[in-house]
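Each residue takes its place number in the sequence, starting with 1.
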Amino acid sequence: MPARHVSRVRALYRRILLLHRSLPPDLKALGDQYVKDEFRRHKTVGSEEAQRFLQEWEAYASVLWQQANENRENSTEKACFGISLPEEKLNDFRDEQIGQLQELMREATKPNRQFSITESRKPKF
């Protein structure tokens with residue numbers, strides 16, 4: 001794999017993890033794990049699939065960056081993240097991807113998420 005491609009992938013990966021810092025703690029943990037799994041899973045794909053993978057994650061990073069900025073500007077309102085997935089995009093998904101999407105949706109919307117995250121606090125002396 002060309003060094004330029006590897007550099008682009010790493011930069012995107014870091015950018016997404018940095019953007020996840022703007023998410024609520026439970027969604028950050030879920031998002032970080034999902035990104036790590038997806039990038040690991042796509043390490044050995046062909047160039048065409050790798051290009052599409054990068055385009056989709058770059059679009060995700062762009063939307064997340066925009067939403068994080070909007071949420072900072074409107075700090076009095078409840079933070080809002082995510083977008084609707086158009087049906088034509090869903091039609092392009094493989095069965096495996098639909099399953100992953102359903103699992104991600106279940107995890108992100110269930111009331112008692114598997115992650116028990118608390119804000120780290122400085123110890124009181």
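Not one N or O on the side chain of Ser62 forms a donor-acceptor pair closer than 3.5 Å with the backbone of Glu58. With hydrogens and angles ignored, the 3.5 Å screen pairs no side-chain donor or acceptor of Gln66 with any backbone N or O of Val63.
Take Tyr60 and apply the ring pair (Phe, Tyr, Trp, His ring centres under 6.0 Å) test, not counting sequence neighbours, and it matches His20, Trp57.
Residue pairs meeting the ring pair (Phe, Tyr, Trp, His ring centres under 6.0 Å) criterion with at least one partner in residues 79-102, sequence neighbours excluded, do not occur; the list is empty.
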task: Please lay out, stage by stage, how Arg8 and Arg4 fare under the test side-chain contact (heavy atoms from CB on, under 4.5 Å).
output: CA-CA 6 Å; Arg8 181 179 169 204; Arg4 190 169 145 247; 5.9 Å; no

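Interatomic distance, Lys89 NZ to Leu101 CG, rounded to the nearest 0.5 Å: 11.5 Å. Separation of atoms CE (Met105) and CG (Leu85) is listed at 11.5 Å; rounding is to 0.5 Å. Atoms CD1 and CZ, from Ile16 and Arg21 in turn, are 14.0 Å apart once rounded to the nearest 0.5 Å.
In this structure, Asp32 does not pair ionically with Lys36, as no charged nitrogen and carboxylate oxygen lie closer than 4.0 Å. Ion pairing between a basic and an acidic side chain is recognised when a charged N comes within 4.0 Å of a carboxylate O; Glu38 and Lys43 show no such pairing. Of the charged side-chain nitrogens involved, none lies within less than 4.0 Å of a carboxylate oxygen, so that Arg52 and Glu49 do not count as a salt-bridged pair.
In the hydrophobic clustering of this structure, Trp65 does not group with Leu18; members are Ile, Leu, Val, Met, Phe, Trp, Tyr whose side-chain heavy atoms approach within less than 4.5 Å, directly or through other members.
There is no side-chain donor-acceptor pair under 3.5 Å between Gln67 and Asn71.
Listed here is the closest heavy atom pair of Ala61 and Leu19: O-CD1, 3.3 Å.
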